[in-house]
Amino acid sequence: MNPTAKKNHPTMDLNLFSNLDTDLDYLEKRAKGQDVALLDVGGYFAGVLNELAEVFSGRIMGVVEDTENGYQR
C-alpha cells in the first residue's frame, strides 16, 4: 500500500465509526461543508447517523449499505 494513502485513510473499524465526535472530526477534516455520500459496509455509522447529519457542516446525501449486518442496524 502507498504510505501516503495509508496516512490519509486510516484503517476503518467499528470503534472509529461508532462515536459521534470521532465521526464528525473525520468528516469535517475531509469534506467540510461539502455534500457527501457514505459507503458503509457493515453498518458502522448506523448508531450515530441521524445525529451526525444534524451537526456535520456539509450535507449527507445518503448512505450505501452493502451488508446484511448493516441493514439490521
Side-chain angles (χ1 to χ4, degrees):
M1 173 181 268
N2 177 327
T4 302
K6 188 170 187 171
K7 177 183 171 190
N8 293 330
H9 303 286
T11 301
M12 307 300 181
D13 66 38
L14 186 55
N15 294 322
L16 179 63
F17 289 103
S18 60
N19 175 285
L20 179 61
D21 293 332
T22 304
D23 296 348
L24 182 60
D25 182 60
Y26 184 89
L27 283 178
E28 293 291 354
K29 285 181 178 176
R30 289 159 179 81
K32 186 173 187 169
Q34 297 180 40
D35 292 349
V36 297
L38 301 176
L39 304 177
D40 188 2
V41 179
Y44 288 34
F45 287 102
V48 297
L49 185 58
N50 290 334
E51 291 174 287
L52 184 60
E54 290 178 14
V55 295
F56 175 52
S57 67
R59 183 169 54 162
I60 298 176
M61 302 297 292
V63 179
V64 176
E65 172 52 56
D66 192 33
T67 65
E68 182 64 29
N69 182 46
Y71 290 129
Q72 297 300 323
R73 290 180 178 203

query: So which heavy atom on Val36 is nearest to which on Ala31, and how close?
result: CG1-CB, 3.5 Å

query: Looking only at heavy atoms, which two atoms of Lys32 and Ser57 are closest? And how far apart?
result: CG-OG, 3.3 Å

- prompt: Taking the six-membered ring of Tyr26 as reference, does the NZ or CZ atom of Arg30 fall below 6.0 Å from its centre and within a 45° cone about the axis?
  reply: yes

message: Applying side chain to side chain contact (heavy atoms under 4.5 Å, CB included) to Leu49 and Val63, what does each step give before you reach the verdict?
response: CA-CA 9 Å; Leu49 185 58; Val63 179; 3.6 Å; yes

message: Show, in sequence, the C-alpha distance, side-chain angles and deciding distance for Leu24 and Leu52, and conclude whether the side chain to side chain contact (heavy atoms under 4.5 Å, CB included) test is met.
response: CA-CA 7 Å; Leu24 182 60; Leu52 184 60; 4.0 Å; yes

- prompt: Looking at CD of Gln34 and CE of Met61, how far apart are the two atoms once the value is rounded to the nearest 0.5 Å?
  reply: 12.5 Å

Heavy-atom donor-acceptor pair, Glu65 side chain to Gly43 backbone, under 3.5 Å: yes

query: Is the backbone N or O of Phe45 less than 3.5 Å from a side-chain atom of Asp40, with the two atoms forming a donor-acceptor pair by type?
result: yes

task: Go through the steps to decide whether Ile60 and Asp35 satisfy the test side chain to side chain contact (heavy atoms under 4.5 Å, CB included), and finish with yes or no.
output: CA-CA 6 Å; Ile60 298 176; Asp35 292 349; over 6 Å; no

Hydrophobic cluster membership, Val41 vs Leu38, 4.5 Å side-chain cutoff: no

